[in-house]
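Quick note on labels: first sequence line is chain A, next is B, and so on, each numbered from 1. For the numbers below, each heavy atom of this structure counts, side chains included, while hydrogens, waters and symmetry mates do not.
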Amino acid sequence: MAGLSGRMSTVIKAKVSKVLDKAEDPGETLDYSYQKQLESLQKVKQGIAEVVTAKKRLQMQSEKLEQSVVKLDTQARQALAQGNEELAREALERKNVAQTELQSFDTQVAELEGQQQKLTDSEAKLRAKIEAFRTKKETIKAQYSAAEAQVRISEAATGVGEEMADVGLAMQRAVDKTEDMKARAAAVEELEAAGTFDDLTTLGDGNDDIDRQLAELSSASAVDDDMARMKAELGAGEPAGEIEPGEEPTK
Amino acid sequence: MIVRISSENQYRLDDDVIDRVNELDNAAVAAVDAGDREAFQRNFDQLLALVRSEGTALADDDLSASDVILPPDDLSFEEAGEEFTGEGLIPD
């Protein structure tokens, strides 16, 4: 069968035979294969631990962003209550960026969760196959001549090798995903470090680079909606348009 | 015939099922060539569903090698394209 499966099969078989070719005589193949299998299982365990660590880091990042959203919302409310619409808009724009990031974080954390589950399942399968191989190699050692043993060991080792190659692929995909997310998390941290989510009292005139980026990123309509809602809540029946920047709100 | 769905499981399939698997596989490949994202996803999903429903899962301690290896279910349209042009899912 060519198509989608063709290349996968070819590459995995090539990987398996590369492992098997390294050992020549049956005894060596047995020991070498078994040793390789145990090493591989150890790597899977390490890989799962790395995915878990990456996930935890992202969850912490996500919590921080949630706090930022609450803080910025409060600050926007305060600014608006003081009649500073400009500052309120700034805060809401930043809140919007944080919220957008938060959503994408949550999706990615869920994806990592899925990868972790797959890897855990794969590890259990690989462990079962290695155990079966261990049992089989004792039988082969006891019952077969060298030439026959070679064939039977190759068969058994191919089954384990295929599982190893498959776990390797799952691992690679999980690691790639984790790398993407690490880069994203680093980008958010950079934004934070640059003062994006700092106290709004330290804001400049709104013309620095981060502000321009923020303006591009944030959706104006979401900010407008937020503004209207806050004005309505604060104004308690007063028409929203009456609060002007810099003016004291009328009682 | 033994078919593996990558990062999932191995299944034993009857020959008549293999023919249907092959048809869906060809349709998925044709969709990738035609740049038809929707058709690729539909055929690929059907392909995996067919293997899961019609196949008998191999025991975890079964050491049989697979005759066919299918990509994982989270294969993206872009990755499917790379299967034919680039390095594929597994770098050599």
Side-chain angles (χ1 to χ4, degrees), chain A residues 1-18 20 33 37 111 114-115 117-137 140 152-163 165-174 176-177, chain B residues 1-10 13 15 18-33 40 43-45 47-48 51 57-77 79-92:
Chain A
M1 194 185 292
L4 282 172
S5 57
R7 201 185 156 90
M8 293 278 300
S9 304
T10 311
V11 174
I12 286 195
K13 274 166 194 159
K15 274 183 183 280
V16 171
S17 63
K18 210 185 275 176
L20 294 178
S33 296
Q37 289 162 16
E111 276 176 34
Q115 304 267 19
Q117 190 53 52
K118 269 191 175 177
L119 276 178
T120 310
D121 293 347
S122 299
E123 190 219 333
K125 282 207 185 69
L126 184 59
R127 205 166 347 107
K129 281 204 174 14
I130 291 173
E131 184 53 31
F133 181 84
R134 194 183 63 82
T135 313
K136 199 158 191 167
K137 92 182 160 89
I140 292 169
R152 286 175 189 275
I153 289 159
S154 287
E155 279 170 10
T158 303
V160 186
E162 186 187 307
E163 195 69 45
D166 193 54
V167 175
L169 169 68
M171 189 80 78
Q172 188 59 51
R173 286 171 80 74
D176 287 351
K177 174 120 292 187
Chain B
M1 217 170 174
I2 296 172
V3 175
R4 173 187 287 274
I5 300 178
S6 192
S7 2
E8 202 169 305
N9 221 338
Q10 285 172 290
L13 293 182
D15 286 349
I18 286 292
D19 289 342
R20 282 153 70 202
V21 164
N22 216 349
E23 279 167 31
L24 287 167
D25 189 52
N26 289 338
V29 170
V32 171
D33 284 341
F40 159 74
N43 283 295
F44 185 54
D45 289 348
L47 166 63
L48 298 183
V51 174
L58 255 58
D60 284 356
D61 61 355
D62 193 318
L63 293 177
S64 309
S66 305
D67 300 294
V68 169
I69 299 169
L70 292 168
D73 64 355
D74 60 352
L75 182 81
S76 70
F77 183 74
E79 285 175 320
E82 282 166 21
E83 275 299 286
F84 308 114
T85 53
E87 277 205 317
L89 283 180
I90 315 160
D92 295 322

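Note: B:D74 leads B:D61, B:D62, B:D74 in heavy-atom pairs under 4.5 Å with chain A.
Interface remark: B:A30 contributes no atoms to any contact with chain A (heavy atom separation under 4.5 Å). When heavy atoms are compared at a cutoff of 4.5 Å, A:E163 approaches chain B by way of both its backbone and its side chain. Neither the backbone nor the side chain of A:Q117 comes within contact range of chain B, judged by heavy atoms closer than 4.5 Å.
Between the side chain of A:K125 and the backbone N or O of B:E8 there is at least one donor-acceptor pair closer than 3.5 Å.
The minimum heavy-atom distance linking B:A28 with B:F44 is given by the pair CB-N, 4.4 Å.
In this structure, the side chain to side chain contact (heavy atoms under 4.5 Å, CB included) partners of B:S76, at least two apart in sequence or on a different chain, are B:E78, B:E79. With sequence neighbours excluded, the residues that form a side chain to side chain contact (heavy atoms under 4.5 Å, CB included) with B:S66 are A:E162, B:I2, B:R4, B:Q10, B:I69.
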